[in-house]
Each structure stands twice: as C-alpha cells, then as structure tokens.
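Below: one structure, written as structure tokens.
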There are 2 protein chains.
Amino acid sequence: MTMKNNENTLHLGEFLPYRLSVLSNRISRAIADGYEEQFQLTLPEWRVMAVLGGEPDLSAAQVAERTAMDKVAVSRAVNKLLESGRLERHFSPEDKRRSVLALSEEGQKIYREVIPIALGYESKILDKLSEPEKLTLMSLLNKLEDIQLHADEN
Amino acid sequence: MTMKNNENTLHLGEFLPYRLSVLSNRISRAIADGYEEQFQLTLPEWRVMAVLGGEPDLSAAQVAERTAMDKVAVSRAVNKLLESGRLERHFSPEDKRRSVLALSEEGQKIYREVIPIALGYESKILDKLSEPEKLTLMSLLNKLEDIQLHADEN
DNA sequence: CTATATTAGTTTCATTCGTAACTAATTGCA
DNA sequence: TGCAATTAGTTACGAATGAAACTAATATAG
C-alpha cells in the first residue's frame, strides 16, 4: 500500500510545481539567450512573432489567446515590434478597433532564423528521451494541461 | 519511419518549452493564489520559508542554492520575512558576514498551515495520473533536470 | 603583518510586469 | 435612432525583477 506524503515538512526538490518551475525557467532562459542578444528580441516579442509567423493577419486579442499572454503584454510586444520594423499593422475595415497583424519582410527573415535555434534547443532536450518516453511526456502534458486548478472562477 | 519536425514554421502549442512554461506558470499562480492573500506571502518568500521549515539555520547563500533563487531575491525575501516577524536571523560567530536563518514561532505556524495547501494542489495534479504515469513523470523530470543546455559557460 | 582578492549580503537603478483605469469603436436593445 | 453595455487596445502606476556596484568581513599571498 502506497502512502501519500502527509508529512509536516515539504521538500522543494520533490515538489512537482517547484520542479516544473525551475526546469521551465531554465529551458526558457537558455533558449532566450540564444536569440535575445543576437536579434534584440525579448521572449514576449518572440512569442508574438512565433504565432504570426505561422498564422498571419491575427488581431492582438487572437495573438493573446494563442500565446497565453495577456493583452497588455501583447500590446507592448506588438508596439516594440512595430518600432523595430518587424511587424506590420493594419486595421480591419469592418471594425476599426481590431488590428490585423503580420510579420514584415524583415520580421519573416528573423522568424526563419530563430526557428532553428528554438527547435534546436527542443531537440537537445527531446533527444535525451527514448521514443516511448517522448510519447509519454506528450501524453502527460496533455493530461496536465487539462487539469482545472481553480475551484471555479466563471 | 518517424520524421522529425523540420518545417519552416513552429507551432507554439506543440513546442515543449512553451508548453512547460504555460503549464508551470498556471500551476504556480494557482498555488500562490492559495496563500498569497490569506498569509500576505509572496512566492519567493514562501520558497525561503519552505526551505527553512525543513532545514533551519541555513545562510542566505545556502537558501539561494536550495531554492534556485538568486542572492538578491533571497536577500529581499529574507528582509520582508524579518520585518513581518516570520524569520529570525543570527550571524555566525566564526564569520560575522554569514547569516543563520530560521523560522520564528510565527513563521513555523504559517509554514505548517501553508504546507497542506501546497501539497493539496500537488495532489490535485498527481491524482489525475495513474501510478505508472506518476513514476514516469518523476523519471522524466529527473532526466530533463540533468540536461546541460548551455554550450559551456565557465 | 599588510595589502590584495574573495565572499556574504545589501543597495541602487533601470527595466519588466500586472492590475486597473481609460479611450475609442461597436453592438444591442428599447 | 439613441443610449447603455461590451469589446479592442493603450496608458498609467505601483510592485517585482535582474544586473551591477557597493560595504563589510574574511581569506590568502608576499
């Protein structure tokens, strides 16, 4: 019979949320180091570019959805990308509030350069796992992503 | 034959680092929501308490090691915890720079109250997994934590 | 010894981030 | 129509963060 951890102490090194946080930060930082300096690109900016590179002509709100960023973060990243000429913005004729965002030529160029860097790091990680381990990892992530953590927050 | 993703686009939703980041942030945020308001405790403060609760009389540098926080973050968290009376600090007689940190009575009380909240969230997650899945998850985390992401940075 | 280098921890400063308030455009409904 | 409610995106502001400079204490080399 397996007993659940019910001690009066908590060991961070075995605490799932802590381990995920440290691991995730380490990976994100490593990847960002791979493009931040070279392309003067922050992580939120790269996320916006990553989405628009695969699916152009989204509104800021749609970008926010797909990146799990909040709309303020998207707004800021979009504006920096506009200033640096990596993004083009139009506004929808039907709804003059809604922006229509797409990578500029320059933005696409950078996008194509950063992708292999990002995928390279991912491979560096995934290559350490066997094929069945990769499949399990993906299936575990799917499950974990589905979990409802809050009581309810309509 | 399984082909590796070698496309000219990147789908964030399938990109491991992105998925880990979103998942980890969601979990950390949920847990922090469970104690921040109730105990006026930020995540870095809680991490410091969590370490000292299980292993008292550490120096700030040792706390930094064990929490994967940097020394500035530890210094700030420690000072806020001192102000709120949750931590006691002495200085080592052999080395008057080195602090010796431990939870105060009040700190221990809070520590004992927060632990079940934190573990509760962890269980909420782990309970969705089968026993073999949990084992695989732990073994995958062990492997991923071992990966060396940087070329070399002496 | 004494000058230099190193270490522990703090402070400073510039940037980032999140929340809330705001503006402008659109929708809905009376 | 016309006015309240909603939506897209921005701005403002305080808190959190990170890097670098700093202070005090200790270790080390000559």
Side-chain angles (χ1 to χ4, degrees), chain A residues 21-22 24-26 28-30 32-33 36-37 40-48 51-52 57-84 87-102 153-154, chain B residues 21-22 24-26 28-33 35-37 40-48 51-52 57-84 87-102 153-154:
Chain A
S21 166
V22 171
S24 157
N25 286 336
R26 202 159 63 88
S28 292
R29 187 94 311 277
D33 286 349
E36 276 185 348
E37 197 181 286
Q40 298 296 321
L41 199 57
T42 65
L43 192 140
E45 290 173 67
W46 165 243
R47 285 203 176 151
V48 169
V51 161
L52 291 172
D57 298 331
L58 298 175
S59 70
Q62 293 173 312
V63 170
E65 268 180 40
R66 286 163 177 72
T67 53
M69 294 163 69
D70 80 74
K71 63 180 185 169
V72 177
V74 171
S75 171
R76 285 196 266 243
V78 163
N79 280 300
K80 284 208 274 170
L81 291 170
L82 286 169
E83 278 168 37
S84 51
L87 224 62
E88 279 169 10
R89 175 166 61 181
H90 301 94
F91 288 92
S92 162
E94 301 96 59
D95 184 341
K96 285 175 243 158
R97 294 169 308 179
R98 180 171 284 113
S99 56
V100 177
L101 303 165
E153 55 187 87
N154 294 318
Chain B
S21 165
V22 171
S24 159
N25 286 338
R26 203 159 63 88
S28 293
R29 187 93 313 278
I31 300 181
D33 287 348
Y35 59 71
E36 275 185 348
E37 198 182 284
Q40 297 296 321
L41 199 56
T42 64
L43 192 138
E45 290 172 65
W46 165 242
R47 285 206 175 149
V48 169
V51 161
L52 292 171
D57 299 331
L58 298 175
S59 71
Q62 292 174 312
V63 170
E65 268 180 41
R66 286 162 175 72
T67 53
M69 292 162 70
D70 78 74
K71 63 180 185 170
V72 178
V74 171
S75 171
R76 286 196 264 245
V78 163
N79 280 301
K80 283 207 277 172
L81 291 169
L82 287 169
E83 278 168 37
S84 51
L87 224 61
E88 280 168 10
R89 174 168 59 185
H90 300 94
F91 289 90
S92 162
E94 302 97 58
D95 183 340
K96 286 176 240 157
R97 294 168 306 178
R98 181 171 283 111
S99 57
V100 178
L101 304 164
E153 56 188 272
N154 290 322

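Keep in mind that what you see is a predicted model, and the values were worked out from it rather than measured.
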From CG of A/Leu43 over to P of D/dG18, roughly how many Å is that when rounded to an integer? 13 Å

With sequence neighbours left out, write down each residue that passes salt bridge (charged side-chain N to carboxylate O under 4.0 Å, His left out) with A/Glu65, or none if nothing qualifies. none

Reading DNA chain C in the 5' to 3' direction, which nucleotide is the first one with an atom under 4.0 Å from a heavy atom of chain B, and which is the last? C/dT7 to C/dT12

Could you say whether A/Asp95 or B/Lys80 is positioned toward the 5' end of DNA chain D, judged by the nucleotide with the nearest heavy atom to each? A/Asp95

Under the rule for side-chain contact (heavy atoms from CB on, under 4.5 Å), what residues qualify as partners of B/Ala68, not counting sequence neighbours? A/Tyr18, A/Val22

Stretch residues 59-79 of chain A: residues that reach within less than 4.0 Å of DNA chain C through a heavy atom: A/Asp70, A/Val72, A/Arg76

Sequence neighbours left out, what passes side-chain hydrogen bond (donor to acceptor under 3.5 Å, both in side chains) with B/Asp95? Give chain and number order. B/Arg97, B/Arg98

Measure CG/B/Asn25 against P/D/dT17 and give the value in whole Å, please. 12 Å

Students often get this wrong, so: under 4.0 angstrom with heavy atoms, is A/Glu94 touching a base, only sugar-phosphate, or nothing? sugar-phosphate

side-chain contact (heavy atoms from CB on, under 4.5 Å) involving B/Ala102 - partner list, sequence neighbours excluded: B/Pro56, B/Asp57

Among B/Thr42, B/Leu41, B/Leu101, which residue meets the side-chain contact (heavy atoms from CB on, under 4.5 Å) test with B/Leu81? B/Leu41

Those residues that, when tested against B/Ser75, pass side-chain contact (heavy atoms from CB on, under 4.5 Å) (two or more places apart): B/Asn79

What's the CG-P distance between B/Leu41 and D/dA16, to the nearest Å? 12 Å

Would you please name every residue forming a salt bridge (charged side-chain N to carboxylate O under 4.0 Å, His left out) with B/Arg89, sequence neighbours left out? none

Sequence neighbours excluded, which residues qualify as salt bridge (charged side-chain N to carboxylate O under 4.0 Å, His left out) partners of B/Arg76? none

Atom CD in A/Glu36, atom CZ in A/Arg29: separation rounded to 0.5 Å? 5.0 Å

Those residues at least two apart in sequence (or on a different chain) that pass salt bridge (charged side-chain N to carboxylate O under 4.0 Å, His left out) with A/Arg47 are none

List every contact pair, protein side and nucleotides 3-7 of chain D side both N or O, where the distance is under 3.5 Å.
unit_1: D/dT7; atom_1: O2; unit_2: A/Arg97; atom_2: NH1; d: 2.0

With sequence neighbours excluded, what pairs up with B/Ala73 under the side-chain contact (heavy atoms from CB on, under 4.5 Å) test? B/Met69, B/Asp70

